[in-house]
Amino acid sequence: MSYAGIVVNNEALSMDRIFTYGIPQNLTVSVGQRVKVSFGQGNKRIDGFVMRVTDEAPEGVSRLKEIQSVYPETYFDEEQVAFIEVLREKYLASYLDVIKLLIPRGILSGMKYKTSEKLYFVKEAEGRYDKDQYRSILSYVKANQGKLIKADLSKAGFSVSSVNTLLKHGFLSVMSENEYRYNIEEYEEYKARNLNEEQLHAVEKIKSAPGTYLLHGITGSGKTEVFLELIRQNIEKGYDSIVLLPEISLTPQMIERFKGRFGKDITIFHSRLSDGERYDEWHRVKSGKVKIAIGARSALFLPFQNLRLVVIDEEHESTYKSEMNPKYNAREVAELMMEKQDGQLVLASATPSVESFHRAEKKEIELITLQNRATRSVLPSMEIVDMRDELMSGNRSIFSRTLLEKMKERLERKEQIILFLNRRGFSTFVSCRSCGYVFKCENCDISMTHHRDNSLMCHQCGARKYLPKTCPACQSKYIKQFGTGTEKVEESVRKFFPDARVMRMDRDTTRQKNSYELMYNDFKNNECDILIGTQMISKGLDFKDVTLVGVLAADLSLNMPDYRASEKTFQLITQVAGRAGRGDKPGEVIIQSYSPDNFAITSAQSHDYKGFYRREVEMRQALNNPPFSRLFYLVFTSEKEDLLIKNIQSIGGVLRKHLTKYDNMILLGPSPCIISKIKNNYRWQVLIKGEIHDEAALEIRNLIQQEMKPVYKDIKVSMDLNPNSMM
DNA sequence: AGCACGCCGACT
DNA sequence: GTCGGCGTGCTC
């Protein structure tokens with residue numbers, strides 16, 4: 001008898017292991033297949049996935065059960081089992097979590113192909129069927145062999161019962177065909193452009209050897225053309241390619257470009273697809289019909305057979321890190337995949353992450369630079385406006401006088417304006433309106449958060465102090481809590497320029513399926529003068545008439561309680577500035593700030609990535625932040641606040657003791673999370689910082705699971721290595 | 001997670 | 001005696 005090692009579809013923590021089932025004589029079972037088994041005392045019928053098949057009987061198993069049935073499809077092969085194991089350990093996830101990445105969503109709920117019954121002509125009318133109505137149907141079907149279904153004939157005015165008669169007597173036949181639900185919209189051909197010398201050099205370099213490359217190209221330097229050429233060459237060799245983009249960059253414009261170049265042998269894979277569409281795209285890849293995938297992070301797991309190229313555009317974007325289990329980072333996973341395949345991973349950005357650039361400096365990955373704009377347009381001129389001066393001169397509005405003046409000018413000249421305000425979800429900080437002083441934690445270099453009892457608290461280490469009545473730096477009384485959103489901007493713009501056509505683009509206004517495209521087209525067709533938006537407008541948009549970009553509050557991202565606040569600010573300003581002056585007319589950017597001397601802002605102003613990077617990396621090193629350390633972020637949640645606090649304190653003690661066995665690993669907290677309660681669940685956090693290698697993280701995970709066993713029903717734990725955000 | 005087993009108190 | 005309430009432990 002053969003045996004199968006099976007991961008069962010049960011989310012429970014203690015079920016995360018491999019169970020052995022017997023394979024009955026009448027079934028053929030192989031690795032990667034989905035099977036039905038009975039499980040537990042109740043013999044509940046559940047699905048499982050085959051991880052291995054052996055002839056050796058399992059040891060120490062008293063009651064061996066047999067597999068009941070097998071599904072036809074195979075979701076992974078033996079090689080990928082090792083990959084599943086690696087991801088499971090690296091991201092502290094379960095088998096099931098990882099397997100779910102590899103199978104299209106909707107599979108577990110039994111998704112099926114959508115089939116359609118296509119009609120075929122068989123023979124000419126004869127005998128008592130030789131009548132006009134039959135002959136016309138037959139000739140119509142003959143002319144459209146295999147293209148029509150009954151509904152089409154009905155629409156064309158034929159009688160469906162006559163069609164049925166012809167089918168019944170063998171004049172017509174039907175064949176059911178799988179119908180793919182992918183997007184078959186029309187697209188214009190996007191011709192290959194001649195690459196300039198820099199671009200050619202980049203292509204040559206990348207294709208010369210397998211490995212990871214960091215493609216650092218200023219905005220407008222034509223990185224996309226480099227990808228397109230690499231993909232073309234890859235296809236020529238019969239290999240597959242994946243291009244990952246942040247969700248917000250999957251603009252119609254970008255999709256047009258890829259489809260226009262490579263036709264329909266491409267899949268666009270993102271979160272807006274329905275389960276059915278996702279299922280179909282997955283099968284198109286699986287069956288080898290598709291050689292290229294463009295998509296968000298999850299596209300990385302499409303079942304390509306010969307994947308040799310992965311491009312991660314805007315590699316600095318945080319969306320490549322999953323917030324859900326497994327909390328994987330697409331950059332790391334892609335690298336693992338390409339190492340195994342001897343393929344190439346291209347990380348591309350105008351503003352590379354500090355982490356990636358640091359790796360390039362250490363020669364772990366190869367740096368390739370594109371220094372010139374591909375088109376003849378020049379980089380926009382950048383001006384910083386000190387908002388403290390505005391306040392002193394009695395201007396309390398969101399707009400500086402300079403910006404207002406420039407806006408007026410553009411409106412008169414019928415040029416377009418983009419106003420950017422990075423009001424992302426949660427953010428509160430306290431700052432002095434007169435001198436720009438921001439209350440920060442002395443230990444952590446992050447902004448302190450204002451609490452209702454009028455205290456300031458550091459949510460990283462738990463330090464607390466009272467909010468003084470006057471600014472510690474300049475004694476002014478103008479201490480204010482900040483918070484302005486795009487809606488308020490829209491209102492102000494309408495007040496200042498009642499005749500201007502204004503559009504606001506953020507998560508609230510683009511919720512509906514086509515709203516993004518509609519707004520995009522309106523703006524493109526000059527049916528709008530001023531576009532106000534969040535991150536969403538910071539990248540990918542290419543409008544030739546935009547000559548002014550206003551960054552309303554550069555400080556918003558700068559004062560986030562996050563060690564990457566400066567990095568994010570530099571990236572955002574640079575990206576959004578890149579929207580200006582893409583056509584013939586030169587662009588101008590106004591950056592409004594209360595801390596105009598901050599190096600993140602001044603470096604962005606002078607288009608100086610290297611300068612920014614140098615300063616930032618020094619600070620990271622001084623504070624032992626990544627990339628010089630790793631962070632391990634643990635969040636404990638419970639509805640029972642007192643139970644949570646009691647347990648978190650003891651966990652804190654146990655952890656602190658455990659960490660003494662490592663050098664250079666410190667524990668911050670326990671402290672309440674920045675968002676201290678979500679949906680009636682109280683949240684406390686612990687942050688471990690230091691040289692946390694994967695094994696140490698696993699050990700810590702196991703220790704915590706052990707410690708939390710008695711209260712596992714009441715307290716949930718989330719663990720994230722190298723988290724994106726710590727809220 | 002879900003189910004069975006088993007130990008204990010309350011009640012016919 | 002016996003019904004059921006929940007704590008404990010196992011699931012190939």
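Here is how names work: the chains are called A, B, and so on, in the same order as the sequence lines, proteins then strands, and each is numbered from 1.
Counting heavy atoms of neighbouring residues, nucleotides and ligands inside a 6.0 Å radius, atom CD of A:Q305 does not exceed 12 of them.
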Report all interatomic pairs (protein N or O, nucleotide N or O of nucleotides 4-7 of chain B) with separations under 3.5 Å.
none

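Looking at A:D97 and A:Y91, their side chains never bring a donor and an acceptor atom within 3.5 Å of each other. Side-chain contact of A:Y239 with A:K291: a donor-acceptor pair under 3.5 Å is absent, judged by distance alone.
Regarding A:D47, its CG atom lies at a distance of 19 Å from the P atom of B:dA1, rounded to whole Å. The distance between atom OH of A:Y712 and atom C1' of B:dA1, rounded to the nearest whole Å, is 8 Å. One can place NZ of A:K36 at 16 Å from P of C:dC12, the figure rounded to the nearest angstrom. One interatomic measurement links the two molecules: NZ of A:K716 to C1' of B:dA1, which rounds to 10 Å at whole-angstrom precision. One can place CG of A:L64 at 12 Å from P of C:dT11, the figure rounded to the nearest angstrom. In this structure, CD of A:E66 is placed 18 Å from P of C:dT11, rounded to the nearest angstrom. The NZ atom of A:K44 sits 8 Å away from the C1' atom of B:dA1 (whole-angstrom rounding). For A:I46 and C:dC10, the CD1 to C1' distance is 14 Å, given to the nearest whole Å.
For the contact set between residues 13-27 of chain A and DNA chain C, defined by any heavy atom under 4.0 Å, the members are A:S14, A:M15, A:R17, A:F19, A:T20, A:Y21.
Taking the ring axis of A:Y95 as reference, the NZ or CZ atom of A:R17 does not stay both within 45° of it and closer than 6.0 Å to the ring centre. Figure legend: cation-pi geometry between A:R331 and A:Y320 absent, as NZ or CZ is not positioned both under 6.0 Å from the six-membered ring centre and within 45° of its axis.
Using a 4.5 Å cut-off on side-chain heavy atoms (C-beta onward), A:I18 and A:V7 make contact.
Outside the 6.0 Å centre-distance limit, the rings of A:F83 and A:F76 are not counted as a close aromatic pair.
Taking NE2 from A:H316 and CD from A:Q571, the interatomic distance works out to 4.5 Å, rounded to the nearest 0.5 Å.
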* Between A:E56 and A:Y3, does a side chain to side chain donor-acceptor pair (under 3.5 Å) hold up when you go through it step by step? -> CA-CA 7 Å; A:E56 275 167 63; A:Y3 305 90; over 6 Å; no
